[in-house]
Number of protein chains: 2
Amino acid sequence: MSHHDIELLSHDCGDCPIRHRAVCARCDSDELSRLEQIKYYRSFQVGQTVVWSGDRMDFVASVVSGIATLTQTMEDGRRQMVGLLLPSDFVGRPGRSIAAYDVTATTDLVMCCFRKKPFEDLIARTPHVAQRLLEMTLDELDAAREWMLLLGRKTAREKIASLLAIIARRDASLKLRTAKGALAFDLPLTREEMADYLGLTLETVSRQMSALKRDGMIQLEGKRHVIIPDFDALTELTGDDSDGGFLV
Amino acid sequence: MSHHDIELLSHDCGDCPIRHRAVCARCDSDELSRLEQIKYYRSFQVGQTVVWSGDRMDFVASVVSGIATLTQTMEDGRRQMVGLLLPSDFVGRPGRSIAAYDVTATTDLVMCCFRKKPFEDLIARTPHVAQRLLEMTLDELDAAREWMLLLGRKTAREKIASLLAIIARRDASLKLRTAKGALAFDLPLTREEMADYLGLTLETVSRQMSALKRDGMIQLEGKRHVIIPDFDALTELTGDDSDGGFLV
DNA sequence: CGGCACATTGAAGGCCATCAACTATTGTGG
DNA sequence: CCACAATAGTTGATGGCCTTCAATGTGCCG
């Protein structure tokens, strides 16, 4: 594999792993072929920056594989993660040409990109893309509000437990399992990235991880591999309502 | 004026104060008349709850006048505000029948409501409502992410300064002025509500307000009326970039 | 092996929460 | 009309949680 920023991989949308969840999920074959005409793939390596906040961004994109983050930085360097982008998540805003956040690849990353102008024309004409985008944006807004509760009111221990529960759940759903009993997964974030997510310092993250290990709530193999012997017990520590909301 | 929860006020959409900013902003006259057929007004008094989190909510609505809040509450009573709804803002989520947050009137409030089912049918058929709703949701997501930075990384003093700046700005724009030099406005929130917005206790809010007063950054007349002699000086205290992002 | 990035652990201190007392304002009923 | 209670806000004292600064540990790769 070459080290070019831009890889021109040829993929058929029909085989795409995120076909049923991404912004194109609702498209009929006609709409899909129109999308297919304007799409191109880009790959990024761990740690690479996709765009800097304030820079021109003339595309929007879906994450195909890997994980990216959105972060804000204050003048004195304080950083807060404001988005965690998993496969099928959407980056960029139709109608805006300047990036509002730093977008960074925290793992190797492949994105399915659309130049902004053609994409905007397309959503104006194909309702299924616009509908799906609205749905996804509303989901993100809900996630952001959950995150606000975490940042504003949870203790360090609750924050760590919440993050582990979130990652465990999405990992389980990716493996087509339910988050129950014993689980294991690889953390896609460094301690510092976890701290940026949670509004903590990396030292506090490390201490709380050690504390959870001491208390038998988690086991660690290496730095990244986490084993959760009892998912319900971990959920108890998040401070969230036990009757996990059924919002339909 | 009666004290009924539900006021059947007759209003012509053409005269509506939020006509150009709300979810109906992009509607042509045909679409508007279809909206007009399914709308009704509801009024709430200060402190009244519009809906409780977890309750059935069979309408969506625009705030016509007054201010409402969205809050989340943890089992032990910790509360975090996750939305501040000003005139023209939208409440409720198409495709969801259960409220995810407590919605409360923090001032006397008038809302323009649409029963959910007809509204959903309508956005499926009139693209201008769906487009505007997407745009508004993206704006809310940006605001939520700004808010996350505040909650996760700002000091109490920066939080207070940020909140005052936000309110001052929106008050200025309501009066068709620019936020510059000397400003004055009424706080629409109690100290406790400010605390819930900022992820602080009401005592810390009170202390920081007193500190800002001591330092001459604000003057107070009564508890609620705030005078900002130098808006730029206050902005310095928010910790935000001075070159306030121009995101187009 | 040394160098580097990432992570853990320790010690000290500061910011904010907690608990508590007091003030100010408003509204109510005798 | 005043007494009184209720609500909202201020201020003080104390302590704890998390940050800060610092040293040490661990795995990986040239």
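Please read these numbers as outputs of a predicted model, since none were measured by experiment. Sequence lines set the chain letters: A, B, ... in the order given, protein chains first and strands last, and positions in each chain run from 1. Below, all heavy atoms of this structure are taken into account, side chains as well, without hydrogens, waters or symmetry copies.
For D:dC18, its base never sits under 3.5 Å from the side chain of A:E203 at any donor and acceptor pair. One cannot find a donor-acceptor pair under 3.5 Å joining the base of D:dT19 and the side-chain atoms of A:R78. Side chain B:R207 to base D:dG12: a donor-acceptor pair is found below 3.5 Å.
In this structure, A:R214 and A:L212 have side chains that are not in contact, with every pair of non-hydrogen atoms separated by 4.5 Å or more. Using a 4.5 Å heavy-atom cutoff, the side chains of B:L189 and B:R224 are not in contact. Residues A:D240 and A:T235 fail the side-chain proximity criterion, which asks for heavy atoms closer than 4.5 Å.
Following rounding to the nearest Å, A:R191 (CZ) and C:dT8 (C1') show an atom-to-atom distance of 9 Å. Rounding to whole angstrom units, CD of residue A:Q208 and P of D:dC17 are separated by 10 Å. Put simply, CZ on A:R79 is 16 Å from P on D:dT19, counting in whole angstrom units. When the P atom of D:dT11 is taken as reference, atom CG of B:L202 falls 13 Å away, rounded to whole Å. Straight-line distance from the CZ atom of A:R153 to the P atom of C:dA17: 7 Å, rounded to whole Å. Remark: P of C:dC15 and CG of A:L200 are 18 Å apart, rounded to the nearest angstrom. Here D:dA8 presents its P atom at 18 Å from CG of B:L220, a figure rounded to the nearest Å. One atom, CZ of A:R214, and another, C1' of C:dT9, lie 10 Å apart when rounded to the nearest Å.
Of the residues B:L85, B:V64, B:D89, B:V91, the one that meets the side-chain contact (heavy atoms from CB on, under 4.5 Å) test with B:M111 is B:V91.
In this structure, of D:dT26, C:dC16, D:dT19, it is D:dT26 that holds the atom nearest to the side chain of A:K223. For A:S206, the side-chain atoms get nearest to C:dA7 when compared with the rest of D:dC18, C:dC16, C:dA7.
Here A:G47 lies out of heavy-atom contact (under 4.0 Å) with every strand.
Within the cation-pi definition used here (under 6.0 Å to the ring centroid, within 45° of the axis), A:R42 qualifies as a partner of A:F59.
For A:S210 and C:dT9, the shortest distance from a side-chain N or O to OP1 or OP2 is below 4.0 Å. Applying the 4.0 Å criterion to OP1 and OP2 of C:dA7, one finds that A:R224 has a side-chain N or O inside that range.
With DNA chain C read from its 5' end, the first of the two nearest nucleotides for A:L189 and B:R157 is the one closest to A:L189. Across the interface with DNA chain D, nearest-nucleotide mapping of B:T204 and A:T201 shows B:T204 to be the residue nearer the 5′ end.
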